[in-house]
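Sequence positions, counted from 1, serve as the residue numbers for this chain. Atoms considered below: every heavy atom in the structure, side chains included; atoms not considered: hydrogens, waters and symmetry mates. Counting starts at 1 for both ligands and their atoms, in listed order. The shown structure was predicted, so the numbers you read here are calculated from the model rather than taken from an experiment.
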Amino acid sequence: MDHGQFLLGGTLPVNRLGFGAMRLPTGSFQGPARDPKTGIAVLRRAVELGVDHIDTAWFYRRDGVAANELIREALAPYGTDLVIATKVGPLLGPDGFPREEAGPDRLRGLVEDNLRSLGVDRLDLVYLRVGAALTVPTGESLAARFEVLAALREEGLIRHLGISNVDAAHLAEARAIAPVAAVQNSFHVQDQGDLDLLTECEEAGIAFVPYFPLGGGHRPIDATLMAEVTSRHGATAAQVALAWLLARSPSVLAIPGTGSLDHLEENMASGRIDLTPQDLITLGG
Ligand SMILES: NC(=O)c1ccc[n+]([C@@H]2O[C@H](COP(=O)([O-])OP(=O)(O)OC[C@H]3O[C@@H](n4cnc5c(N)ncnc54)[C@H](OP(=O)(O)O)[C@@H]3O)[C@@H](O)[C@H]2O)c1
């Protein structure tokens, strides 16, 4: 089944099954750097398989292997239909992990790092990623930082803006400053806490882009809870998890992350799975 396209920010058509680049430099948060040649092969194959929306960040890097540089080496000069989304906000500590948040004064430099490393004059979509950790920083204002990104958009360095790791109050705060094209939060078949936010995005024409669509290793998907549906479709748990996301709302853009060619093929094949109403009831939500 073709899950069709979404018009990001009302102007950029993207296939709803995209790709997340975080796993290219390293497979796990503690893991060693991965072979850059494999990362380049994965990116080229992803585009061959129809990916036209790649989610990245300058800070996706480990021991000299960096997602943005792999993307540039694999895919530049970029096809006119390729949308590259990036994010700014977290600052890496000496251990290479996000440890603190950039203040407003640092954001231009971080946007420029992305422009340079991706080799573009303008970024298609830039998320302000709030919080240094995985918990949503409820009560923390993003206004001063989002205003800086909105000004960079006015300057022509950014086409569309997004926000990540946020709640409904953050979304309202951001929308009062500038149009929000996409929200990126943790969400998957067994982590449906943001259903209300997803509905709000759908109603407002904003893309909802789940991070950790396969559980991300943070709260991995429990395949046994999905056994009934996976066996009905002869599919893997990862494929059903992605098909569930795509069926959940026409505003969902899936960005499964992998550094493996085999997993990439498997994930892209999930676009062919057409879940039934019975499947959706079984999976919940
Ligand atoms: N905004 C944020 O704060 C934030 C946070 C996290 C991630 N992200 C973005 O969201 C994207 C997706 O999240 P994610 O990559 O962390 O998590 P994910 O897509 O939920 O899962 C990736 C993990 O699952 C494994 N995997 C991938 N395909 C698989 C398959 N078919 N079968 C079994 N295992 C599979 C990967 O290992 P292999 O690499 O070995 O396949 C990796 O360990 C990221 O790439 C990144 O672009 C954003």
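For F187 and F212, the distance between ring centers is not under 6.0 angstrom.
With ligand atoms numbered from 1 in the order given, ligand 1 contributes 20 (O) to contacts under 4.0 Å with heavy atoms of G215. Here is the list of ligand 1 atoms found below 4.0 Å of a heavy atom in A21: 45 (O), 47 (O). Taking a cut-off of under 4.0 Å to the non-hydrogen atoms of P256, the atoms of ligand 1 that pass are 19 (O). Those atoms of ligand 1 with a heavy atom of Y60 less than 4.0 angstrom away are 4 (C), 8 (N), 9 (C), 46 (C), 47 (O), 48 (C). Distances below 4.0 Å separate heavy atoms of G216 from the following atoms of ligand 1: 17 (O), 18 (P), 20 (O), 21 (O). The distance from ligand 1 to the heavy atoms of G27 drops below 4.0 Å at these ligand atoms: 43 (O). Every atom of ligand 1 is numbered from 1 in the order shown, and the set under 4.0 Å from a heavy atom of K87 is 1 (N).
Ligand 1 has no nitrogen or oxygen under 3.5 angstrom from a nitrogen or oxygen of I255. For the pair P210 and ligand 1, the shortest N or O to N or O distance does not fall below 3.5 Å. Inclusion of M22 in the set of residues having an N or O under 3.5 Å from an N or O of ligand 1 is warranted.
Ion pairing between a basic and an acidic side chain is recognised when a charged N comes within 4.0 Å of a carboxylate O; E112 and R108 show such pairing. Salt-bridge check for R72 with E69: failed, with every basic side-chain N at 4.0 Å or more from each acidic carboxylate O.
Checked by atom type, the side-chain pair T86/N68 shows no donor-acceptor distance below 3.5 Å.
With a 4.0 Å cut-off on non-hydrogen atoms, N267 touches ligand 1 through its side chain and not its backbone. At a heavy-atom distance under 4.0 Å, atoms from both the backbone and the side chain of P213 approach ligand 1.
Taking all heavy atoms of R129, R34, H263, M268 into account, the minimum distance to atom 39 (O) of ligand 1 is reached by R34. One option in D55, D262, T258, T86 has a heavy atom closer to atom 9 (C) of ligand 1 than any other, and that option is D55.
A46 and L264 make their closest contact through N-CD2, 3.5 Å (heavy atoms, listed as atom of the first residue, atom of the second, distance).
Checking side-chain atoms of R153 against main-chain N and O of H160 turns up no donor-acceptor pair under 3.5 Å.
Residue pairs satisfying the side chain to side chain donor-acceptor pair (under 3.5 Å) criterion with at least one member in residues 128-140, sequence neighbours excluded, are listed as follows: T138-D167, E140-R145.
For the atom pair CG of L128 and OG of S164, the computed distance is 8.5 Å after rounding to the nearest 0.5 Å.
Geometrically, R122 does not engage Y78 in a cation-pi contact defined by less than 6.0 Å to the ring centre and at most 45° from the axis.
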